[in-house]
2 protein chains.
Amino acid sequence: MAYRKTPAEVRRLEAAREHLVVRATEVVAEAGWAQASVSAVADAAGIAAGSVYQHFPSKSALAVEVFRRAARREVEVLGEVLAGDGDAVERLRRGVDVFARRALENHGLAHALLAAPVEPAVGAERLAFRRRYRTLFAEVIEEGVTAGVLPAQHPETTAAALTGAVGEVLVYPLGTSAAHDVDLLVARLTAVALRCAGATP
Amino acid sequence: MAYRKTPAEVRRLEAAREHLVVRATEVVAEAGWAQASVSAVADAAGIAAGSVYQHFPSKSALAVEVFRRAARREVEVLGEVLAGDGDAVERLRRGVDVFARRALENHGLAHALLAAPVEPAVGAERLAFRRRYRTLFAEVIEEGVTAGVLPAQHPETTAAALTGAVGEVLVYPLGTSAAHDVDLLVARLTAVALRCAGATP
DNA sequence: GCAAGAAGTGAACCACCATTCAGACCATCG
DNA sequence: CGATGGTCTGAATGGTGGTTCACTTCTTGC
């Protein structure tokens with residue numbers, strides 16, 4: 001028993017892993033998944049390619065972790081806004097508003113999360129997160145219907161349509177680095193989203 | 001001058017190319033892009049891998065051709081329905097209806113066209129075709145607004161939202177081979193789509 | 001039939017990357 | 001300090017799959 005992991009050592013390892021994930025996320029946000037090779041990511045983190053495998057069993061596992069963290073943040077933010085104050089329609093409006101603004105603000109990462117081609121493992125994760133978005137939206141819509149501020153409808157379908165609609169409207173602005181009138185874009189998007197749910201203006 | 005392409009020979013070559021594209025499309029529809037390797041596609045067409053390069057300069061070029069043909073058919077069908085009889089709202093409803101039914105009928109191909117991961121060259125083509133869907137929808141919406149059957153709105157944004165919404169609602173049913181109640185699904189989808197555009201029920 | 005030249009073949013080739021591993025380096029503790 | 005057993009390195013390995021090319025097979029025009 002001449003070596004035992006000391007708490008400091010454990011912390012150091014966790015920090016190294018954390019650092020790797022953060023840098024990998026930056027690479028993905030700035031250059032896309034295709035450029036995020038193991039060696040590129042390792043370089044960005046200042047470690048050797050082989051050291052990546054100290055922290056993750058495969059490149060896929062790292063990619064999934066990068067995706068999960070970033071996506072979870074968005075789900076949490078959306079969830080908070082949708083569970084906030086106001087009636088269902090107002091919360092829905094704010095949810096779409098916040099989601100869109102955050103995506104436009106960090107368009108590289110948003111594009112990677114929403115639209116960019118990904119390897120199968122990450123694709124599966126993306127599907128899972130879309131389902132979570134859908135569930136969040138569906139809850140608010142159901143509330144709105146029950147409260148009588150939204151017309152009768154199938155909440156799951158509307159929720160799926162909303163996630164698709166928001167994503168598609170944002171994809172083109174996200175794909176380019178050109179400047180947009182964010183307020184105008186967001187106003188148009190929230191208007192469509194509310195119509196989608198059948199809110200009366 | 002001992003060999004000159006005779007018309008019959010030219011026709012034979014075109015037929016061979018055609019056959020290759022058709023078989024490649026079948027492979028993509030049945031097994032997905034990932035399984036459509038050059039050798040798999042060549043096997044399906046009954047030719048050697050090397051012969052693919054008689055017809056296309058690269059695998060990418062073949063993939064793009066496969067995508068383009070299939071996507072063009074859908075755009076044409078949608079265009080015809082949207083330019084048919086009835087007011088803007090009715091045509092929009094029928095457009096979404098027909099699009100969804102065709103997709104569900106041929107879910108393998110639809111999934112490949114709409115949602116499955118693709119190589120960059122095909123991804124660019126996909127974006128281009130989405131823009132065409134958007135343009136088609138936008139025209140009808142603009143008509144509807146002018147005719148007063150739809151409320152004032154930004155047609156391009158609504159059109160983008162529509163393509164995204166339709167795609168997203170269909171992705172899950174398309175991804176599985178499970179049986180669905182097509183009529184119910186389509187009814188729900190057209191309802192959301194019409195609300196999206198602000199049509200009064 | 002035969003020479004010319006194109007189409008077709010498929011095994012070899014090659015580029016690309018994730019992954020491995022033998023050795024270097026370092027932290028722990030008696 | 002020195003023995004133990006971890007972490008780190010980066011060049012070598014290996015699998016995958018698109019592409020090439022020397023060769024064979026077929027079509028054409030005389």
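Chain letters run A, B, ... following the sequence lines, proteins first and then strands; every chain starts at 1.
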_Closest nucleotide among C:dA7, C:dA18, D:dG18 to the B:Q54 side chain_ = C:dA7
Please report, rounded to the nearest Å, how far the [atom2] atom of [N] is from the [atom1] atom of [X].
X     : N      : atom1 : atom2 : value
A:Y53 : C:dC17 : OH    : P     : 13 Å
A:F56 : C:dA18 : CZ    : C1'   : 16 Å
A:Q35 : C:dC17 : CD    : P     : 8 Å
A:K59 : C:dT19 : NZ    : C1'   : 12 Å
A:I47 : C:dC25 : CD1   : P     : 19 Å
A:L62 : C:dT19 : CG    : C1'   : 14 Å
B:H55 : D:dT19 : NE2   : P     : 15 Å
A:E9  : D:dC8  : CD    : C1'   : 12 Å

*On DNA chain D, check which nucleotide each of B:V38 and A:A16 is closest to and give me the residue with the more 5' one.*
A:A16
I'd like to know if [X] pairs up with [Y] as an ion pair, taking the criterion as any Lys NZ or Arg NE/NH1/NH2 lying under 4.0 Å from an Asp or Glu carboxylate oxygen.
X     : Y     : result
B:R12 : B:E9  : yes
B:E76 : B:R73 : no
B:R69 : B:E18 : yes
B:E90 : B:R94 : yes

_Counting the atoms with a prime plus P, OP1 and OP2 as sugar-phosphate, which does A:S37 contact under 4.0 Å by heavy atoms, base, sugar-phosphate, or nothing?_
sugar-phosphate
_Contact under 4.0 Å: B:R12 side-chain N or O vs C:dA6 OP1/OP2_ = no
